[in-house]
Amino acid sequence: MAKLLLVNARIATMRDGRCSMIENGGLVARDGVITSVGPMTMLNTARRASDVEVLDARGALVTPGLIDCHTHLVYAGNRAKEFEMRLNGSSYEDIARAGGGILSTVKATRAAGGDELRAQSQPRMDALMSEGVTTVEIKSGYGLDTKNELKCLRVAQSLASGSPVRVQTTLLGAHALPAEYKGRADAYVDLVCDEMIPAAAKQGLASAVDAFCEGIGFTPAQVRRVFEAARKHGLHVKLHADQLSDLGGAALAAEFEAVSADHLEHTREEGVKALALAGTTAVLLPVAFYFLRETRLPPIAALREHHVPIAIATDCNPGTAPCASILTAANMACTLFRLMPEEALAGITVYAARALGLSDCGTLEADKRADFVLWDLEDPAQLAWQVAGLKPREVVFEGKRRAAHK
Ligand code: NIG
Ligand code: FE
């Protein structure tokens, strides 16, 4: 059995969302799973057996592997032209209504073969991994027909093959109405429910289903149908909820016991209460807020008051968040949303795991995956304090050491 012994570390376990440190700590992992964590004096550090690998942290800060729980990083092309249009005064919604926005990425993504799509997406995955990300959620949503949605999910899964990163895939067929269904949104929702969801479930291509509940997306009644189909196939649900307007998305997500409700800028207190009762995690996406120059803040005080767990993610996508940096998202969660660094760090570890319905990662405790990151930092708050350019010393995936990307 492969055993890894981490010694001389300053460990932020992130248990209960807290940064409290185990100074002079250590960790034992066997076959990729943590068996114990604690002060060095309490660990069984017997290292006689020849299969024990010792990793001397030399005083490094150690955090759980970071988790990006909301990305759309599989896409082709870019939307720099639309960025220029917005700088000239068009709004994100105007561009979408004129057939640009998500649909322009759909055109480029449909045209790309699987290998090409993978080649274009790989650098975004590499960028996340270079910051200590060990688990990434990737949504489809730029295919918008069964063949292309499944292609995107396959490409997403392929980014994990031959790589130590874990990918969780989400089917986002209900992202936008493709041009060929113009004026026939309900018929498109039939396609999502009757063809895409069953095919993705049968082929093991997705563990969750998401939808964009919005004036430029799908109505709550349509989302309800998508969620019912997801439930029938045993898939988790999550929702792009209340990003640009309040359609009651948070309450709808809660009604279906969604693992997460994401964005939430326009969510009111009733929606927050519903999330709390359902145990749904709020995923905040400050990079999209920044990039769209939004002014309406998500209901942070209410989320705290009602003890809704808050996760933070990049939303990495070409339209609203061309950003493959989880630490930038953590920094913006503090600067723009006024989260405390400890909350931001919990948002990219323990609560990000929860937003994916995963219970085997996100903290450093016995029985969790031995996914952790060594940082040459004094204070864990530096992870959210520094604006860009921070890289770990080393990342360990399931107990296996891997030199950090430089
Ligand atoms: O999370 N809101 C919908 N989906 C993405 C944007 C997608 C795009 O513009 O390409 C988001 O912000
Ligand atoms: Fe998104």
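Ligands are counted one by one from 1 in listed order, and the atoms in each one are counted from 1 as well.
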- request: Measure centre to centre between the rings of Phe289 and Phe337, then say whether the value is under 6.0 Å.
  value: yes
Over-ring placement of Arg124 relative to Tyr75, 6.0 Å and 45° cut-offs: yes
task: Return each pair, listed once, that meets salt bridge (charged side-chain N to carboxylate O under 4.0 Å, His left out) where at least one residue sits in residues 58-79; pairs must be two or more places apart or across chains.
output: Arg79-Glu82
statement: The atom of His240 among N, O or S that is nearest the Fe ion (ligand 2) is NE2
query: Within His72, is some N, O or S atom less than 2.8 Å away from the Fe ion (ligand 2)?
result: yes
Ligand-protein N/O pairs under 3.5 Å (ligand 1):
unit_1: ligand 1; atom_1: 1 (O); unit_2: His72; atom_2: NE2; d: 3.3
unit_1: ligand 1; atom_1: 1 (O); unit_2: His240; atom_2: NE2; d: 3.1
unit_1: ligand 1; atom_1: 1 (O); unit_2: His263; atom_2: NE2; d: 3.1
unit_1: ligand 1; atom_1: 1 (O); unit_2: Asp315; atom_2: OD1; d: 2.9
unit_1: ligand 1; atom_1: 1 (O); unit_2: Asp315; atom_2: OD2; d: 2.9
unit_1: ligand 1; atom_1: 2 (N); unit_2: Gln243; atom_2: OE1; d: 3.0
unit_1: ligand 1; atom_1: 4 (N); unit_2: His175; atom_2: NE2; d: 2.8
unit_1: ligand 1; atom_1: 9 (O); unit_2: Arg79; atom_2: NH2; d: 2.8
unit_1: ligand 1; atom_1: 9 (O); unit_2: Tyr92; atom_2: OH; d: 2.4
unit_1: ligand 1; atom_1: 10 (O); unit_2: Arg79; atom_2: NH1; d: 2.9
unit_1: ligand 1; atom_1: 10 (O); unit_2: Arg79; atom_2: NH2; d: 3.3
unit_1: ligand 1; atom_1: 10 (O); unit_2: Tyr142; atom_2: OH; d: 2.6
unit_1: ligand 1; atom_1: 12 (O); unit_2: Asp315; atom_2: OD2; d: 3.1
unit_1: ligand 1; atom_1: 12 (O); unit_2: Thr320; atom_2: OG1; d: 2.7

- request: Restricting to N/O/S, name the atom of His70 that gets closest to the Fe ion (ligand 2).
  value: NE2
message: Parallel, tilted or perpendicular, judged at 30° and 60°: which one describes the rings of Phe83 and Phe291?
response: parallel
- request: Heavy atoms only: give me the nearest Leu244-Glu214 pair and the separation to one decimal.
  value: N-OE1, 3.0 Å
message: Checking one value in my table: which N/O/S atom of Asp315 lies closest to the Fe ion (ligand 2)?
response: OD1
task: Going by the side-chain hydrogen bond (donor to acceptor under 3.5 Å, both in side chains) test, name the single residue among Thr314, Thr320, Asp315 that passes it with His72.
output: Asp315
- request: Using the ring of Tyr181 (Phe, Tyr or Trp, six-membered ring only), decide whether Arg184 places NZ or CZ under 6.0 Å from its centre and within 45 degrees of its axis.
  value: yes
task: Report the relative orientation of the aromatic rings in His175 and His240; use parallel for angles under 30°, tilted for 30 to 60°, perpendicular for over 60°.
output: tilted
